[in-house]
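Any value given below was found using the heavy atoms of this structure, including those in side chains, with hydrogens, waters and symmetry copies removed. In what follows, chains are A, B, ... by sequence order, proteins preceding strands, each numbered from 1.
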Amino acid sequence: MDYQFKDIEKKWQSFWAANQTFKADSQSSKPKYYVLDMFPYPSGAGLHVGHPLGYIASDIFARYKRLKGFNVLHPMGYDSFGLPAEQYAIQTGQHPAITTEDNIATYRRQLDQIGFSFDWSREVRTSSPDYYKWTQWIFMQLFNSWYNKDADKAQSIDTLIAHLEQSGSKGINAVSDDDTASFTAEEWKALSHDEKQTELLKYRLTYLRESTVNWCAALGTVLANDEVKDGFSERGGYPVEQKKMMQWSMRITAYAERLLQGLDNIDWPDPLKEMQRNWIGKSVGAMVKFSLESKVLSPESGAEVSYLEVFTTRVDTIFGVTTIVIAPEHELVQTLTTPEHKAEIDACIAQTKKKSELDRMADTKTISGAFTGSYVINPLNGAKVPVWIADYVLAGYGTGCVMGVPSGDQRDYLFAKHFDLPIIPILDIQNIEVEADPTKEGKYINSDFINGLGYKEATTVVIAKLEELGMGYGKINYRMRDAIFGRQRYWGEPVPVYFKDGLPYLIEESELPLILPEVDKYLPTESGEPPLARAENWKYASPKSSPKERTSEINEVNSFSFGEGGGEALYEYELSTMPGWAGSSWYWYRYMDAQNSTEFASKEAIAYWKDVDLYIGGSEHATGHLLYSRFWNKFLKDLGLVGEEEPFKKLINQGMIQGRSNFVYRVNDDEGRGTNTFVSFGLKGEYKTTALHVDVNIVENEILDTQKFKKWREDFADAEFILENGKYICGVEVEKMSKSKFNVVNPDDIIERYGADTLRMYEMFLGPLEQSKPWNTNGIEGVFKFLRKFWRLFHNDAWEFNVSDAEPNKAEYKSLHKIIRKVEEDVDRFSFNTSVSSFMIAVNELTDLKCNKRSILQDMVLILSPYAPHICEELWVLLGNEAGTLSYAPYPKFNAEYLVENEFAYPVSINGKTKMNLNLSLSLDNSEVEELVKANTDVQRYLEGKTLKKVIVVKGRIINLVI
RNA sequence: GCCCAGAUGGUGGAACUGGUAGACACGCAGGACUUAAAAUCCUGUUCCCGUAAACGGAGUGCGGGUUCGAUUCCCGCUCUGGGUACCA
């Protein structure tokens, strides 16, 4: 009987669906295990063969855990808001919801074919109102919270208001836009309602602020830093420019330290943790004030300024300061510039502006800057230090102002050399002849009271002195910026906010979800407003009656009296929508309780499932999704809504599957035009050729199917071929998988030809899960043959196949227990490729043994079932088990006794050279082994009178004799 | 530039804490079955010398080191992939 994979797979997929085999229990006496995949964006192209790699791995793991007795939650859903559907809508006028619906149907069909054990009853879609209601709800919680640094957590904004009412800004230790704000309780109370709101906005965890954003004109939207690559948008590759806009932001910087610390307690790949650490970019240093010679007025705030403040990580080098350099965009540039230097400074600023467009970052070699004519005073030695501007100083980091220490910093060094400024060595071992020496070794020189000290000591002493003088203090800076949260797009979650007198207010919780309105077109308006401005009646109608019982002063600032007549007033809704990462920053909680209409997930569900035990996805989300998710999780934890500080305990990055393109070589004629003759790869050196992509689906093992090639495209119908050894060999190159390169392999085709079980095993067999690798189908035959061989173990005519209940023999037990141990080890370290090999060996052994023992075969089916579930279900029933019981059957237990051997021969080397085979028994201790070895006649022969110095035994084996 | 990961036959890869390098699979070559092909099965397959074979020499990107013994550990390079980019 042949292996009819199509019938078998269809049968079991229907069975699982009909019986809800993989529905996770909300309550169970079994321990819980949560296996999660990064949910896909359902693109129009459908799944290609690279997408399921991670899903297959997680599915194997989930199925394995079920067999091991865990209550497994293994859900799937769709991150269904996003740009491509909207771009398509702009081009075709088709509503993105319809496109998305179609794409999801395709994804679902493709996923089902692979035989995943997802619990589809918990499916989520970020674009569904039932879902985004809660995304909006979380946004509201963020709006209503501030970060209390003393408690080191987010708290309700009411607690902040209460504090302000009580004692003003005194004693508030918050993360805010403006940490210099100070007023008394009386001053606070005297503020108008709008002034209070403006003030509070500086503390809210999501807030509106004018910020410099990455504006992509072609996409008509703002992009986050991680969506911009080298000045171009990640999606589409359009140019991105800097622009100032009023934007919603998320105060992720409040969590910088916790995001950093949390990395130490989670089992994630080190490179990924490292990426997040770099992104957060913690630097420990100090703030130092350099007094101005005379006080000036700030052009922005009008306040008196008496010093320039710098941030430095090397405060120990303060005696080597020869310049203070400020960013050309710094607010005091014009104020500090003396009339005789104005021309130079203006020229320099103009040049910077021109440059910053595109190549400011590419061009790091050119040194440009100018002297303002002003001086400041070094607080520790009173030296007069000139103030310069230079474009290597960024306005957006630290104070936009640095102290130039040419001896220790290469940029300062180049700057000093270029403008002929002094360079002061500050460490005795410093070598500064050709470049700066940033060493921390040696003893200080030219450095007043720290002369002779070492780095650590000097740093402590300098900071202490600065603090004593009131001219500085130790400070930690982070590179990470607050995350921009608004997008000027249609296909996203509406922000549940309306505006009154220019200030944002939340809509009522009871009014959620705020449904995305219909629009006539998906483009921005003529006046440049986001697409939502096109929606009719996109206005907030205040509730008919004022909310009751809003009498307290605290509540007063959160609400206001509505239109006099009741229900008359209409207010503008926020027009931007949320970014792609909003919906994906909490979705793992929704799976815990996907149908809940009163909470984002019930307390009980969250208390039971807690967190994700295993998360599988690509490392490209390192500084996006994975960071934002950790941020929201910590916030939800602060509010007591969830229990765990970190959402994803263990994370595995699956490697990317790259495309593998095939080429044919068209022979050119003398004029360089292409002929219709194609030369095989090995002979192409003898001709002038042009390489053309050829569809990888008509190439097998690099051999072109010339008949299919002629049919592939009309103009190749009468192509001729110059063959080698009767075959046309194609060239190969690894590239991104894309339609235009004809290297896209669709999993449907593979399943059609070999079945889902083969696809699953082959994707694992291809190589280590975490490694990126090109897809090629060259080895898939081997996996298919293996499954067929496994099938034949149960259906072979060569021996009468009767399941026997007899006691298995030693050899059969040995094969079985070898594979039990191997697969357990492999699954635990996600080395699925090596277990596939081990299966092949085990099945070969059992075939050779003509094994028909029920217990052995049954255990084999169990062990293989996570990898190839369909065939195993079929064989499980064949062995007399009830249909559907396989997925929760107990996993076979490993017993080491079956692997013990009493006697074996192995090579032993003498002084490192392999010389002889020894037959010895195990389970002796080292001294006994030594005696035995000495008594061995073979060894005697080699010794030839010399003494045996050492017997090296490893894991009970003699490896080497030292003579 | 900086940070991280990697480099093993014709190919994908294995060797888990230093212990017979090349498991397993693909491909290739030869053979069996067949009128033939496909399918299946068997044998060989790191390279070099040589042969009927045994055997001998080299060998895990390159150059050193530690060790009885290194793909594995250490130092210095080369190349490839990923991240990041004037962060003071």
To the nearest angstrom, the CG-P distance between A:D270 and B:G83 comes to 18 Å
Whole-Å distance, A:R314 CZ to B:A88 C1', equals 12 Å
Can you tell me, in whole Å, how much space there is between the C1' of B:C3 and that of B:A58? 38 Å
The glycosidic conformation of B:G30, counting syn as within 90° of 0 and anti otherwise, is anti
Separation of B:A85 atom C1' from A:R411 atom CZ, nearest Å, is 11 Å
Test item: side-chain donor near acceptor, A:K708 and A:N697, under 3.5 Å: no
To the nearest angstrom, the CG-P distance between A:D705 and B:A38 comes to 14 Å
Q. Quick one: are the ring centres of A:F415 and A:Y392 less than 6.0 Å apart?
A. yes
A:L394 atom CG is separated from B:C87 atom P, nearest whole Å, by 8 Å
In whole angstroms, the gap separating P of B:C4 from CD of A:E770 amounts to 18 Å
Closest to the side chain of A:P271, out of B:C24, B:U84, B:C4, is B:C4
(Q) Give me the distance, rounded to whole Å, that separates B:G22 from B:A7 when you measure between the C1' atoms they each carry. (A) 16 Å
Sorted by chain and residue number, the side-chain hydrogen bond (donor to acceptor under 3.5 Å, both in side chains) partners of A:K818 (sequence neighbours excluded) come out as A:E845
| query | What interatomic distance, in whole Å, is found between P of B:C2 and the corresponding atom of B:A21? | reply | 38 Å
Nearest-nucleotide check on RNA chain B, A:M840 vs A:N278; residue mapping nearer the 5' end is A:N278
*Could you measure between the two P atoms, the one in B:G10 and the one in B:C62, and give it in whole Å?*
14 Å
Sorted by chain and number, sequence neighbours left out, side-chain hydrogen bond (donor to acceptor under 3.5 Å, both in side chains) with A:K650 holds for A:D267
Take atom P in B:A23 and the same atom in B:U78, then report the distance between them in whole Å. 34 Å
Those residues at least two apart in sequence (or on a different chain) that pass ring pair (Phe, Tyr, Trp, His ring centres under 6.0 Å) with A:W775 are A:Y762
Residues passing the salt bridge (Lys or Arg N to Asp or Glu O under 4.0 Å) test with A:D412, sequence neighbours excluded, are none
**Asked** Are any of the side-chain nitrogens in A:R277 or A:E274 under 4.0 Å away from the carboxylate oxygens of its partner?
**Response** yes
Polar-atom pairs under 3.5 Å, protein N or O versus N or O of nucleotides 40-42 of chain B: list them with distances, or write none.
| from | atom 1 | to | atom 2 | distance (Å) |
| --- | --- | --- | --- | --- |
| B:U40 | OP1 | A:R788 | NH2 | 2.2 |

Using Watson-Crick geometry (N1-N3 plus N6-O4 or O6-N4) or G-U wobble (N1-O2, O6-N3), each under 3.5 Å, B:U43 is paired with B:A29
Pairing partner of B:G22, by Watson-Crick or G-U wobble and under 3.5 Å for both distances, is none
Between B:C79 and B:C86, how many Å separate the two C1' atoms, rounded to a whole number?
28 Å
B:G59 -> Watson-Crick or G-U wobble partner, both distances under 3.5 Å, gives none
* Asked: Taking atom P in both B:C73 and B:U60, what distance in whole Å separates the two?
  -> 15 Å
Applying side-chain hydrogen bond (donor to acceptor under 3.5 Å, both in side chains) to A:N653 and not counting sequence neighbours gives none
When rounded to whole Å, the CZ to C1' distance for the pair A:F311 and B:C87 reads 9 Å
Pick out the pairs of N or O atoms, protein on one side and nucleotides 10-16 of chain B on the other, that lie under 3.5 Å.
| from | atom 1 | to | atom 2 | distance (Å) |
| --- | --- | --- | --- | --- |
| B:G12 | O2' | A:L766 | O | 2.7 |
| B:G13 | OP1 | A:Q771 | NE2 | 2.7 |
| B:A14 | OP1 | A:N833 | ND2 | 3.0 |

A:Y397 OH to B:A85 P, in whole Å, measures 13 Å
Sorted by chain and number, sequence neighbours left out, side-chain hydrogen bond (donor to acceptor under 3.5 Å, both in side chains) with A:S837 holds for none
The Watson-Crick or G-U wobble partner of B:C73, with both key distances under 3.5 Å, is B:G65
Next on the checklist: With a 4.0 Å limit, can you tell me whether A:S283 has a side-chain N or O closer than that to the phosphate oxygens OP1/OP2 of B:A88?
Outcome noted: yes
Paired to B:U80 by Watson-Crick or G-U wobble criteria (both distances under 3.5 Å) is B:A5
* Verify the ring-centre separation between A:F419 and A:W388: is it less than 6.0 angstrom? => yes
* Distance, P atom - from B:A32 to B:U80, rounded to whole angstrom -> 49 Å
Residue set satisfying ring pair (Phe, Tyr, Trp, His ring centres under 6.0 Å) with A:F663, at least two apart, ordered chain then number -> A:H693
